[in-house]
Amino acid sequence: MKYAFSTLACPVWSVEHIAEAATRMGYDGVELRLLDGEVIDPVADRLKVIKATATCRDHGLEVCAFDTSCRFNHAEPAERTRQMAELRHWIRLAHDMQVPLLRVFGGPGQPERVPAPTDDEVNEWVAASLCQVAPEAEQAFVTIALETHDAFSSARRVAEVLRAVDSAYVAALWDSHHPYRVGETAQEVIEVLGKRIAHVHVKDALRVTPDGSDWQLVLLGAGEVPVREQLKLLEQHGYSGYVSVEWEKKWHPEIAQPEIALPQHIAWLKSMNSL
C-alpha cells in the first residue's frame with residue numbers, strides 16, 4: 001500500500017509547502033481537494049491544478065486523486081445533469097493530467113422533499129448517472145470512485161449501486177469511518193465491495209454522543225474506529241492502492257494542526273508494516 005494525504009488537511013499551506021512537507025514526512029502522494037484553501041473548480045482552476053500537479057511531481061510525489069464535490073442523488077433531474085457536466089470536466093482534467101482517480105459522492109438524504117424518494121429510487125438515480133459517464137471514464141483511463149459517505153455511508157448501499165454499473169472504471173472509495181459509524185464491520189465492507197475498492201480514506205474518531213449521532217476526529221489510534229483491523233484485512237485481500245489520510249482541518253478547525261496530525265498519521269501507518 002502507498003500513503004497520501006488530502007489537501008483538506010492543510011488549508012493554509014501553499015502548494016510548494018504541501019509538496020515539500022509530504023516528501024519530507026515520507027508520503028508517496030497527495031490528493032487534491034483544496035488549493036489555496038478553497039475547493040477546486042475543474043474549469044476556473046484548471047491552470048492552477050496543472051501547476052500544482054507539476055509541482056508535486058517535481059518533488060517526486062504522485063497526485064493520486066482529484067476529490068470532486070459531484071453528487072447524484074438530487075431529486076431534480078436538472079441538478080443531476082449539472083453535476084454530470086461538472087464530472088465530465090473533471091474527467092477531461094484528470095485525463096490531461098494523468099491523474100488516475102476521481103472521488104464522487106452519492107449525496108446526502110433529502111428530508112425536504114415530500115414525498116421523500118425511496119432508497120431504491122435514489123440508488124437508481126446514482127447508478128444511472130454513473131452508467132452514463134462510465135464510457136468516458138474508460139476512454140480517459142480514469143476511475144470514478146463512489147465514496148462511503150453521507151446517505152451512502154453503508155458499504156452495502158454503495159455495493160448495490162455498483163452492481164448496476166458494469167464498468168471496471170467505476171469503483172468504491174472506502175472511508176474508514178463512515179461504514180463503521182453505521183454499524184458495518186471491516187469484514188463486511190471487504191465482503192460486499194471486494195475488488196471494487198479502488199481507494200481508501202483513513203481517519204479515526206470518538207463518539208461525542210452515546211447514540212453515535214456526533215463524532216470527534218482524533219489522531220490515528222486515539223479513537224474507536226478499527227483502522228488497524230481494516231488495513232490488515234485490506235492487505236490480506238491483496239489491496240495495493242493508496243491509503244489516504246483525510247484529516248478534515250478545513251471543515252473542523254478545532255482539530256490538531258497539520259504540522260501535528262500529518263506526521264503522526266504517516267508514522268502510525270508505517271508502523272503497521274512492522275507488525
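Values below: every heavy atom of this structure, side chains too, minus hydrogens, waters and symmetry copies.
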- prompt: Under the side chain to side chain contact (heavy atoms under 4.5 Å, CB included) criterion, do Leu217 and Leu206 qualify, and how do the steps go?
  reply: CA-CA 7 Å; Leu217 294 177; Leu206 286 169; over 6 Å; no
- request: Under the side chain to side chain contact (heavy atoms under 4.5 Å, CB included) rule, what do Glu254 and Gln216 come out as? Steps first, then yes or no, please.
  value: CA-CA 10 Å; Glu254 76 282 358; Gln216 177 65 56; 3.6 Å; yes
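- Environment of NZ in Lys51: sparse, with no more than 12 heavy atoms of neighbouring residues, nucleotides or ligands closer than 6.0 Å.
- Trp247 and Leu231 fall within the same hydrophobic cluster, defined by Ile, Leu, Val, Met, Phe, Trp and Tyr side-chain heavy atoms under 4.5 Å apart, directly or through other members.
- Between the side chains of Ser213 and Asp211, at least one donor N or O lies within less than 3.5 Å of an accepting N or O.
- Two residues are said to be in side-chain contact when any heavy atoms from C-beta on lie closer than 4.5 Å; Glu62 and Asp28 fail this criterion.
- Judged by distance alone, with hydrogens and angles left aside, the side-chain atoms of Glu229 form no donor-acceptor pair with the main-chain N or O of Pro226 at under 3.5 Å.
- Aromatic ring orientation, Tyr242 versus His199: tilted (interplanar angle from 30° to 60°).
- Tested against His201, the residues Arg103, Glu31, His178, His177 include a single side chain to side chain donor-acceptor pair (under 3.5 Å) partner, Glu31.
- Note: Leu102 CG to Cys70 SG = 8.0 Å, rounded to the nearest 0.5 Å.
- Contact of the Val15 side chain with the Leu35 side chain is registered, since non-hydrogen atoms from C-beta on lie closer than 4.5 Å.
- Classification of Arg156 and Glu160 as a salt-bridged pair fails, no side-chain N sitting under 4.0 Å from a carboxylate O.
- Proximity of the aromatic rings of Phe5 and Tyr27 is defined here by a centroid distance below 6.0 angstrom, and this criterion is met.
- Closest non-hydrogen pair, Ala140 versus Ile91, comes out as CB-CG2, 3.7 Å.
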- request: Start with the C-alpha distance between Lys203 and Glu248, add both sets of side-chain angles, then the distance that settles salt bridge (charged side-chain N to carboxylate O under 4.0 Å, His left out), and finish with yes or no.
  value: CA-CA 9 Å; Lys203 58 168 70 82; Glu248 298 179 345; 3.6 Å; yes
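- Counting all heavy atoms, side chain and backbone alike, Val165 lies closest to Arg196 at O-NH2, 3.0 Å.
- To the nearest 0.5 Å, atom CG of residue Leu32 and atom CE of residue Met97 are 11.0 Å apart.
- Under the rule for a ring pair (Phe, Tyr, Trp, His ring centres under 6.0 Å), the partners of Phe105 that lie at least two apart in sequence or sit in another chain are His149.
- Two residues are said to be in side-chain contact when any heavy atoms from C-beta on lie closer than 4.5 Å; Leu234 and Ile190 meet this criterion.
- Looking at Asn73, its side chain never comes within 3.5 Å of a backbone N or O of Val122 through a donor-acceptor pair.
- The two residues Gly223 and Asp204 come nearest to each other via the heavy atoms N-OD2, 3.0 Å.
- Between Val192 and Ala159, the closest heavy-atom pair is O-CB, 3.5 Å.
- The shortest distance between side-chain heavy atoms of Arg71 and Asp150 falls below 4.5 Å.
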- request: Could you go through the side chain to side chain contact (heavy atoms under 4.5 Å, CB included) check for Lys232 and Met272 one step at a time?
  value: CA-CA 8 Å; Lys232 282 296 183 185; Met272 291 284 295; 3.9 Å; yes
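- Using modelled atom types, one side-chain atom of Glu188 and one backbone atom of Thr185 make a donor-acceptor pair closer than 3.5 Å.
- Closest of all the heavy-atom pairs between Ala171 and Thr143 is CB-CG2, 3.9 Å.
- Although no hydrogens or angles enter the test, the distance criterion places a donor-acceptor pair under 3.5 Å between the side chain of Asp41 and the main chain of Ala44.
- Atom CH2 of Trp90 sits about 7.5 Å away from atom OG of Ser69, to the nearest 0.5 Å.
- Side-chain contact between Glu147 and Phe152 is absent, with no heavy atoms from C-beta onward closer than 4.5 Å.
- Side-chain atoms of Trp174 do not come within 3.5 Å of backbone N or O of Gln230 as any donor-acceptor pair.
- Linking Ile, Leu, Val, Met, Phe, Trp and Tyr whenever their side-chain heavy atoms come within less than 4.5 Å leaves Leu101 and Val200 in two separate clusters.
- Side-chain contact of Glu184 with Ser154: a donor-acceptor pair under 3.5 Å is present, judged by distance alone.
- Considering OG of Ser167 and CD of Glu138, their distance stands at 3.5 Å, rounded to 0.5 Å.
- With salt bridges taken as basic N to acidic carboxylate O contacts below 4.0 Å, one links Glu79 and Arg82.
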task: Given side chain to side chain donor-acceptor pair (under 3.5 Å), test His95 with Arg92 step by step and report yes or no.
output: CA-CA 5 Å; His95 173 261; Arg92 287 192 287 272; over 6 Å; no
Pair Val245-Ile266, side chain to side chain contact (heavy atoms under 4.5 Å, CB included): steps then yes or no: CA-CA 8 Å; Val245 172; Ile266 190 66; over 6 Å; no
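- Taken from CD in Glu20 to CG in Asp58, the straight-line distance is 14.0 Å, to the nearest 0.5 Å.
- Hydrophobic cluster membership is shared by Leu220 and Ile255, with clusters built from Ile, Leu, Val, Met, Phe, Trp and Tyr side chains linked at under 4.5 angstrom.
- For Arg80 and Phe72, the positive end is not near the middle of the six-membered ring at less than 6.0 Å and at most 45° from its axis.
- Taken from OG in Ser129 to CG in Leu87, the straight-line distance is 9.0 Å, to the nearest 0.5 Å.
- At a threshold of 4.5 Å between non-hydrogen side-chain atoms, the residues Trp13 and Pro258 count as touching.
- With sequence neighbours left out, the side chain to side chain donor-acceptor pair (under 3.5 Å) criterion links Asp214 to no other residue.
- Each of Leu173 and Leu8 belongs to its own hydrophobic cluster when Ile, Leu, Val, Met, Phe, Trp and Tyr are linked at side-chain heavy-atom distances under 4.5 angstrom.
- Annotation: side chain of Ser244 is not in contact with side chain of Tyr3 (no heavy-atom distance under 4.5 Å).
- Side-chain N or O atoms of Lys250 include one that pairs as donor or acceptor with a backbone N or O of Gly37 at under 3.5 Å.
- Scanning both residues, Arg157 and Ala151, for their nearest heavy atoms gives NH1-O, 3.0 Å.
- In summary, of the residues considered (Leu193, Asn123, Ile197), a side chain to side chain contact (heavy atoms under 4.5 Å, CB included) with Val158 occurs for Leu193 alone.
- Hydrophobic clustering, with ILVMFWY side chains joined whenever heavy atoms are under 4.5 angstrom apart, groups Val12 together with Met25.
- Between Val182 and Thr148 there is no side-chain heavy-atom pair separated by less than 4.5 Å.
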- request: Evaluate the criterion side chain to side chain donor-acceptor pair (under 3.5 Å) for residue pair Arg33 and Thr68; output intermediate values, then yes/no.
  value: CA-CA 7 Å; Arg33 173 63 164 149; Thr68 85; over 6 Å; no
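- Exactly one of Val63, Leu93, Val49 qualifies for a side chain to side chain contact (heavy atoms under 4.5 Å, CB included) with Val99. That residue is Val63.
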